[in-house]
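Read the structure below first, then the notes.
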Amino acid sequence: MEPRYYDIRCVRGEITSVEIDNGVIESAGTSFFDKAVVRALGPAGWGILTLDHVDLGSRRARNDIIAAAMRLAGITEDRVDLAPAPHGVLASPPLREDPRNVDLEEKTRLLAEIESAARLPEVVNTRARYTEGIDQVRFLDSSGNEASYEIVRSGFSVLAVASRNGMMQMGSERDHISTGFNLRNKQELGRKAAETAVALLDAGLAKGGAVNAVLDPELAGVFTHEAVGHASEGDLIREGNSVLKGRIGETIGAPGLVIVDDPSLPEFGFDPVDAEGVAPGRTEIIRDGVLTAYLHSRETLASVGDGIAGHARAEHGAPPQVRMSNTFIENGDATRDEILAECRDGILLIGSRGGQVDPGRGVFQFNAEFGYLIENGETTRMVRDVSLSGEILKTLHDIALIGNDRKMHPGYCGKGGQTVPVSDGAPHLLLRNAMVGGRGS
């Protein structure tokens, strides 16, 4: 039986990592991989194989693995169709310095300098991690579409824990890029992590409740990714597990609010071509407060509609899923000072320590790294242990001002057992009557 469609995605490459804990090098090394995923579309659904060391140059080997995938497809019952989509590959960002030209000893020494910079008085624990990934990707499908590219990602994270009289506080920084080696002259980030941890030892506790809140670009970006991006993913829409289902064309946010996912931007979530061979492109999820599109693979676009394909991503040796890439809020026209003045009395929330979101119920809770009280339009006392929670749709309507200072932040996103590089960002935002968690009186 001939497949209705098949594709093969091979990723060969290497991963280098270094870990330093309290000045001790715990691990340093490089591993190599060569993985492939074969998908064949039978009379109903997919047959999917994961293999090592596939020789795409051998027609016989290729036919054998497609036939094996078709035998698996023969037992599937759910009907799958694929929407048409444009093909094309973007050039990867040029490398400022190729990490393959830097030996492991130098990488370890540079990371140790960052970790050492975090060892300030009252800091009792430091940890730093370097990660570097080099992927060489080949893709082909039954329609004659072929693509190949290489992408290099590198970066690090550093964490400092400060302690005084039994209280412990933490500061952390990270910096990952898709433009080459990224460890030189970064000691200031180690010191910044430590200074945050030490400053939090003197920070007070904020009073919880409904207040005006200003979100910095990092926390606003996390809200954009977690609360809006995931809720717009086509597979969750198809499953009925998103508060955004059935709301295309509906005003769900403040006037002027524009939220975008764009894998073509040269940020950390850049994708030269998606995992189905589709040309990447900008999708405006929200335009001027109106929900306009979902994020899609070819499969979810065919079953759900409203949007474009090009948002399928995959870990090495894993089948594609609908995923975000670079997700952000577009700039407005307010300055940070204008936003603080308009807030007048409230709280400025800075950074992120993670949180939780339930796209189906449309609720979220994020922990800020720290904050400052806002009094008479100016920041005053530093506060700790603050969080932001609420309903996604209410919060989008409660955005009162959008700043003009968008910044992007790199990270990794987990979904369905797979982790992929992403970035998210936003300008400063003013939220009216935000629900802020705190333990102060």
Side-chain angles (χ1 to χ4, degrees), residues 1-9 37-49 69-70 72-88 139 141-143 145 227-250 252 259-263 271 273-287 290-315 318-325 327 357-362 392 413 415-418 420:
M1 181 183 303
E2 292 297 318
R4 287 190 286 147
Y5 168 87
Y6 71 81
D7 62 29
I8 305 173
R9 185 173 187 268
V37 174
V38 183
R39 302 191 306 170
L41 200 52
W46 292 111
I48 300 176
L49 283 175
M70 277 300 293
L72 297 175
I75 63 173
T76 60
E77 297 181 350
D78 285 344
R79 174 75 186 187
V80 171
D81 291 305
L82 301 180
H87 302 310
F139 175 92
D141 68 21
S142 53
S143 66
N145 178 35
V228 179
H230 279 302
S232 70
E233 290 170 340
D235 51 348
L236 297 188
I237 299 291
R238 182 177 58 185
E239 295 163 7
N241 192 26
S242 169
V243 71
L244 299 185
K245 182 177 181 180
R247 295 183 184 273
I248 291 292
E250 184 177 326
I252 63 166
I259 295 183
V260 176
D261 187 88
D262 190 348
D271 238 355
V273 58
D274 92 338
E276 294 183 310
V278 177
R282 171 187 170 103
T283 295
E284 288 190 352
I285 302 167
I286 296 175
R287 158 59 63 179
V290 177
L291 182 66
T292 56
Y294 302 125
L295 305 181
H296 282 305
S297 64
R298 293 182 64 187
E299 179 181 335
T300 63
L301 179 58
S303 62
V304 174
D306 296 313
I308 61 171
H311 298 282
R313 305 188 66 189
E315 217 179 47
Q321 299 177 326
V322 181
R323 305 296 297 270
M324 285 171 277
S325 53
T327 314
V357 62
D358 183 338
R361 295 173 56 217
I392 296 172
C413 173
K415 176 182 175 183
Q418 298 186 42
V420 297

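- The line from CD1 of Ile285 to OG1 of Thr327 is 6.0 Å long, rounded to the nearest 0.5 Å.
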Exercise for the section: Start with the C-alpha distance between Val290 and Ile252, add both sets of side-chain angles, then the distance that settles side chain to side chain contact (heavy atoms under 4.5 Å, CB included), and finish with yes or no. Expected result: CA-CA 6 Å; Val290 177; Ile252 63 166; over 6 Å; no
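- Heavy atoms only, all atoms of each residue included: His230 and Pro359 are closest at CB-CG, 4.5 Å.
- Between Val304 and Arg238, the closest side-chain pair of non-hydrogen atoms falls below 4.5 Å.
- The heavy-atom pair separating Val80 from Arg4 by the smallest distance is O-NH2, 2.8 Å.
- No side-chain heavy atom of Arg298 sits less than 4.5 Å from a side-chain heavy atom of Asp7.
- Within the 4.5 Å cutoff, the side chain of Lys245 has no heavy atoms near those of the Leu236 side chain.
- Using a 4.5 Å heavy-atom cutoff, the side chains of Leu82 and Tyr5 are in contact.
- Closest heavy-atom contact between His311 and Pro263: CE1-CD, 3.9 Å.
- In terms of heavy atoms, Ala40 sits closest to Pro3 at CB-CB, 4.4 Å.
- In this structure, the side chains of Ser297 and Glu276 come closer than 4.5 Å at one or more pairs of heavy atoms.
- No donor-acceptor pair closer than 3.5 Å links the side chain of Glu315 to the backbone N or O of Gln418.
- In this structure, CG in Leu72 is found 14.0 Å from CZ in Arg39, a value given to the nearest 0.5 Å.
- Interatomic distance, CG of Leu41 versus CZ of Arg79, reported as 7.5 Å (0.5 Å rounding).
- Smallest separation of non-hydrogen atoms from Val37 and Ile48: CG1-CG2, 4.0 Å.
- Listed for the Arg247 side chain is no donor-acceptor partner under 3.5 Å among the backbone atoms of Thr292.
- Note that CZ of Arg282 is 10.5 Å distant from CG of Asp261, once rounded to the nearest 0.5 Å.
- No side-chain heavy atom of Asp271 sits under 4.5 Å from any side-chain heavy atom of Ser325.
- There is a side-chain donor-acceptor pair under 3.5 Å between Ser143 and Asp141.
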Handout entry: Ser232/Met324 under side chain to side chain contact (heavy atoms under 4.5 Å, CB included): CA gap, chis, key distance, verdict
Key = CA-CA 9 Å; Ser232 70; Met324 285 171 277; 5.7 Å; no
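- Scanning both residues, Thr76 and Trp46, for their nearest heavy atoms gives CG2-O, 3.1 Å.
- The structure places OG1 of Thr283 at 3.5 Å from CD1 of Ile308, a figure rounded to the nearest 0.5 Å.
- In this structure the side chain of Tyr294 reaches within 4.5 angstrom of the side chain of Ile248, judged on heavy atoms.
- Tested against Asp235 for a side-chain hydrogen bond (donor to acceptor under 3.5 Å, both in side chains), the candidates His296, Arg323, Lys415 yield a single pass: Lys415.
- Side-chain contact between Gln321 and Val420 is absent, with no heavy atoms from C-beta onward closer than 4.5 Å.
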